[in-house]
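What follows is one structure encoded as structure tokens, with my remarks underneath.
Scope of the values below: all heavy atoms of this structure, side chains included, with no hydrogens, waters or symmetry mates.
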Amino acid sequence: MTETFTAVLREHVGPAPWHFLTLPPDLADDVRESGAGARVGFGSVRVTVTVGSSTWQTSVFPDARSGSYLLPVKQPVRVAEGLRAGDRVLVELTVSRDAAPRSGG
């Protein structure tokens, strides 16, 4: 399953600040259904993401507050793509077929 969506980049301020995108509700439903075989710890689902010229593998994490999933966006991607909190970001997201562990890290 591959989908494209736009979301606002948000910053979570805390001891370890991080940036994330919230998946649209209809896409979250699709991820929940199609990602059953790709689930790993805490109900997260393995995905491959492309933003601009950056592509990486990560997991989306369930968010009880929104009922959706959160997609973390690491600093190297934000720097490479010139992204800041509040920016609208175009994302291509592919749900992994299985939860096989990654090699390397």
Item checked: ILVMFWY clustering at 4.5 Å (side-chain atoms), partners of Leu90 -> none

Check: Under the side chain to side chain donor-acceptor pair (under 3.5 Å) test, which residues partner Asp63, sequence neighbours left out?
Finding: Ser66

Margin query: Applying side chain to side chain donor-acceptor pair (under 3.5 Å), can you list everything that pairs with Asp29, at least two apart in sequence or on another chain?
Written below: Arg32

Note to self: When you group the ILVMFWY residues by side-chain heavy-atom contacts below 4.5 Å and let the links chain together, are Val49 and Tyr69 in the same group?
What the structure shows: yes

Check: With ILVMFWY side chains joined below 4.5 Å, transitively, what does Val8's cluster contain besides itself?
Finding: none

Next item on the list: With rounding to the nearest 0.5 Å, note down the distance linking OG in Ser59 to CZ in Phe61.
Entry: 5.0 Å

Check: Going by heavy atoms in the side chains, are Val73 and Val51 under 4.5 Å from each other?
Finding: no

Margin query: Using the side-chain contact (heavy atoms from CB on, under 4.5 Å) criterion, which residues pair with Pro24? Sequence neighbours excluded.
Written below: Phe5, Asp26, Leu27

Item checked: Heavy-atom side-chain contact between Leu93 and Thr48 under 4.5 Å -> no

Check: With side chains defined as the heavy atoms from C-beta onward, is the minimum distance between Leu70 and Val60 less than 4.5 Å?
Finding: no

Next item on the list: Hey, could you give me each pair passing side-chain hydrogen bond (donor to acceptor under 3.5 Å, both in side chains) that has a residue in residues 1-23? Not counting sequence neighbours.
Entry: Thr2-Thr94, His19-Arg78

Note to self: Using every non-hydrogen atom in the two residues, find where Glu81 and Ser54 come nearest and quote the distance to one decimal.
What the structure shows: OE2-OG, 2.7 Å

Next item on the list: Answer yes or no: is there a side-chain heavy-atom contact under 4.5 Å between Val95 and Val45?
Entry: yes

Notebook entry, point to check: Under a single-linkage definition using a 4.5 Å side-chain heavy-atom cutoff for Ile, Leu, Val, Met, Phe, Trp and Tyr, are Phe20 and Leu83 assigned to the same hydrophobic cluster?
Noted result: no

Check: Listed by chain and number, what are the side chain to side chain donor-acceptor pair (under 3.5 Å) partners of Thr55, not counting sequence neighbours?
Finding: Thr50

